[in-house]
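A short write-up of the structure that comes next.
These values consider heavy atoms only, across backbone and side chains, with no hydrogens, waters or symmetry-generated copies.
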Number of protein chains: 4
Amino acid sequence: MTKAERTRELIITKAAPLFNTKGVAGTSMSDILEVTKLAKGSLYVHFEDKEDLAHAVVDYHIERLGKAIETALGKAASAQGKLLAYIDLFMDPVNPLLAGGCPMLNFGMESDDTDQVIRKKICSFMDTGLKLIYSIIKSGKDNGEFKADWDGKEFSIRMFATIEGGIMMSRIAGDNKTMKVIARGLKKEIEDHSA
Amino acid sequence: MTKAERTRELIITKAAPLFNTKGVAGTSMSDILEVTKLAKGSLYVHFEDKEDLAHAVVDYHIERLGKAIETALGKAASAQGKLLAYIDLFMDPVNPLLAGGCPMLNFGMESDDTDQVIRKKICSFMDTGLKLIYSIIKSGKDNGEFKADWDGKEFSIRMFATIEGGIMMSRIAGDNKTMKVIARGLKKEIEDHSA
Amino acid sequence: MTKAERTRELIITKAAPLFNTKGVAGTSMSDILEVTKLAKGSLYVHFEDKEDLAHAVVDYHIERLGKAIETALGKAASAQGKLLAYIDLFMDPVNPLLAGGCPMLNFGMESDDTDQVIRKKICSFMDTGLKLIYSIIKSGKDNGEFKADWDGKEFSIRMFATIEGGIMMSRIAGDNKTMKVIARGLKKEIEDHSA
Amino acid sequence: MTKAERTRELIITKAAPLFNTKGVAGTSMSDILEVTKLAKGSLYVHFEDKEDLAHAVVDYHIERLGKAIETALGKAASAQGKLLAYIDLFMDPVNPLLAGGCPMLNFGMESDDTDQVIRKKICSFMDTGLKLIYSIIKSGKDNGEFKADWDGKEFSIRMFATIEGGIMMSRIAGDNKTMKVIARGLKKEIEDHSA
DNA sequence: TATGAATGAGCCTTCATTCAT
DNA sequence: TATGAATGAAGGCTCATTCAT
């Protein structure tokens, strides 16, 4: 990793929690300077402008979340285990994996009317997640873990939506009670479809 | 209504879509001046500062959404009808009731780490909504519409979360497909619990 | 004159010598703040941006120079007197009427490749000047002051060009010797065409 | 020519049209980096600072213009031919010899109040040009081409000024009409003084 | 109450330049 | 010599807000 790459990475990693916490509009370049301890012009050596940095930060969040999911699911042997692991990953929205909470919610809700590049990045990551859940269910049906008549497509969409909604509710409430109810419900449904 | 009250109302109604679309941080007082066509100082005659206005705007959104729900549900005679009406109200996130989309998602996700007053307003409105759904189910169970063993508390939370998650997904995707799948699932579940 | 008009006028009059001396690109908004003793944002109450202010300053220079010519020529009774008065007005480029020198030269030469609005303003003022000289010659011929066969069009262009070139040369040299030679030549030519 | 000298030359030749077009203040070191495709630090290997480069660029313009004059006049056999050749060299200000137009006008007018080094360079080049014209007239008088009573000093100054003024006027107007009138006038005067 | 000029902190960004590599 | 990352002052401009009218 060259020096430039290291600095770029430093900026992204330091800026990431700020953007995810205060939003893109709510975070100033000065805020980022402060946490990176870099000099004024330095940010612009590595990023064209605030927008460019914001996009890189979104990519970073997507990558981190993607890897976290991959890791968590990698530890599970069965399809059912993977689904449960996925749910568990989002069980604590008050102390989330990524400071500020789920970047899909944060960046998605800020960008839907204001930044189409970010919206599309989040959209494509959402699709990836959806497809992942679907593929797990499918493989579970293929290997006999899950009942063959389970509608994997419908469930993957609903599970995804429910989790995100649960995260939103828990973060707004400031406690995880809601998320727990939701997780229990989803898990029960998964178990109900075990063969 | 005095002239002052009317001006105040004008500011709030014109500012509301801006805040809900671009966020609080992303909306400037000048943006609001522009759409209200008021003079610079006028805003501060009616609101202490931007924060104060933002809070009033959140209240306004809550009130409007609350009334829309009330109206929609008022038209339905049965408990089941009310639940279905509630779902239908959120069926078109791409062309939402309130410009910018669901204010609980927008203000909730922007404020969770930045503005505790807004967060609490959204939180308490969320509670109201949750309780409303719960009370409908309860009354449905009381009058024999719904099976007595239906867990109303769990379902109301899950329904709320799923709808919000569905709104989020549809807005990020830019189309309502997701929302339709979710609505169908929730409605089926409701019907499955009809007595 | 309203307060706003007074402030606007203050900014223009204070900024004018700066722009005419250091050029538009070479003058910063901070330079202007300093001489006007206004606060940061105040400039933008009266002007959209630096370009807008620069255009107003060019207009101001044009107006002042136009009025100075008008006044000087007004004092002369005859056509010949007017032509000589015009020349006299530009006789001291080292201590010019307008700080920084002839705005046609300064703004014209800076803007020809960079700001078409300024270029056109200067161009149209130049045309006015040209037409003025021509009309003086014509009226002199009409009233019998000048010989009828004098080519007024050619001379007005050449007189204008020679004066501007003389200003340029004197300012570059830092002394008025060149300008004096030129003035003498032009005046002789005018006298040679007296009837 | 060493590599360093070649790079230095490259920078100057690429920077020259920029400075002559947008002015010194209006041209940034980044602009120059862009057209030279050099690395950031490289400029400062060859030039102390922007001022130093600007001075070199002025020298370059002076040298090019000087050589162009020399070449054009070299082709003419008689003194009269040389004077006419000189005038012809400046006949098309809209598509000038040097991109941006006459460097004496451009750098002269920008520098007269801001950069004494540039001003003096232009001043001394102007003197050279003036002396050249004078010497041509003198030699023409010596060899009997021109009338002995022609005031060569006065005419050389006036011719120089008129041409520069004509360039200015044509560039501001965006067409060469003015310049043509002026050239015709000067040429006629030259012919009128032929012996 | 309403106005809009004025404020000055702060915004994002570019500037000329330096310096470690 | 050449590189390009780093610097921090300064650039133009917008911000939320105040205040005299």
Exercise. Measure the distance from CD on B:Glu34 to P on F:dA16 and round it to the nearest whole Å.
Key: 13 Å
Quiz item: Any donor and acceptor pair, going by atom type alone, linking the side chain of A:Glu110 with main-chain N or O of A:Val24 inside 3.5 Å?
Solution: yes
Self-check item: Per A:Ser28 side chain, nearest of listed nucleotides E:dC11, F:dG11, E:dT13
Solution: E:dC11
Distances under 3.5 Å between protein N/O atoms and the N/O atoms of nucleotides 1-4 of chain F, please, pair by pair.
from: F:dA2; atom 1: OP2; to: D:His46; atom 2: NE2; distance (Å): 2.9
from: F:dT3; atom 1: OP2; to: D:Ser42; atom 2: OG; distance (Å): 2.9
from: F:dG4; atom 1: N7; to: D:Gly41; atom 2: N; distance (Å): 2.8
from: F:dG4; atom 1: O6; to: D:Gly41; atom 2: N; distance (Å): 3.3

Practice problem: Please figure out whether B:Met29 or A:Lys37 has its closest DNA chain F nucleotide nearer the 5' end. | Solution: A:Lys37
Quiz item: Shortest non-hydrogen contact from A:Lys22 to B:Thr114?
Solution: CA-CG2, 4.0 Å
Quiz item: Between A:Ala25 and D:Val24, which has a closest nucleotide on DNA chain E that is more 5'?
Solution: A:Ala25
Exercise. Would you kindly give the CG-to-C1' distance between B:Asp52 and F:dT17, to the nearest whole Å?
Key: 13 Å
Practice problem: Locate the shortest heavy-atom distance separating A:Phe125 from A:Gly66; write the atom from each residue and the value. | Solution: CZ-N, 3.8 Å
Quiz item: What distance separates D:Ile118 CD1 from D:Asn106 CG, expressed to the nearest 0.5 Å?
Solution: 11.5 Å
Exercise. For residues B:Ala56 and B:Ile12, report the shortest heavy-atom separation together with the two atoms involved.
Key: CB-CD1, 3.9 Å
Practice problem: Using a heavy-atom cut-off of under 4.0 Å over every strand shown, decide if C:Thr27 touches base, sugar-phosphate, or nothing. | Solution: sugar-phosphate
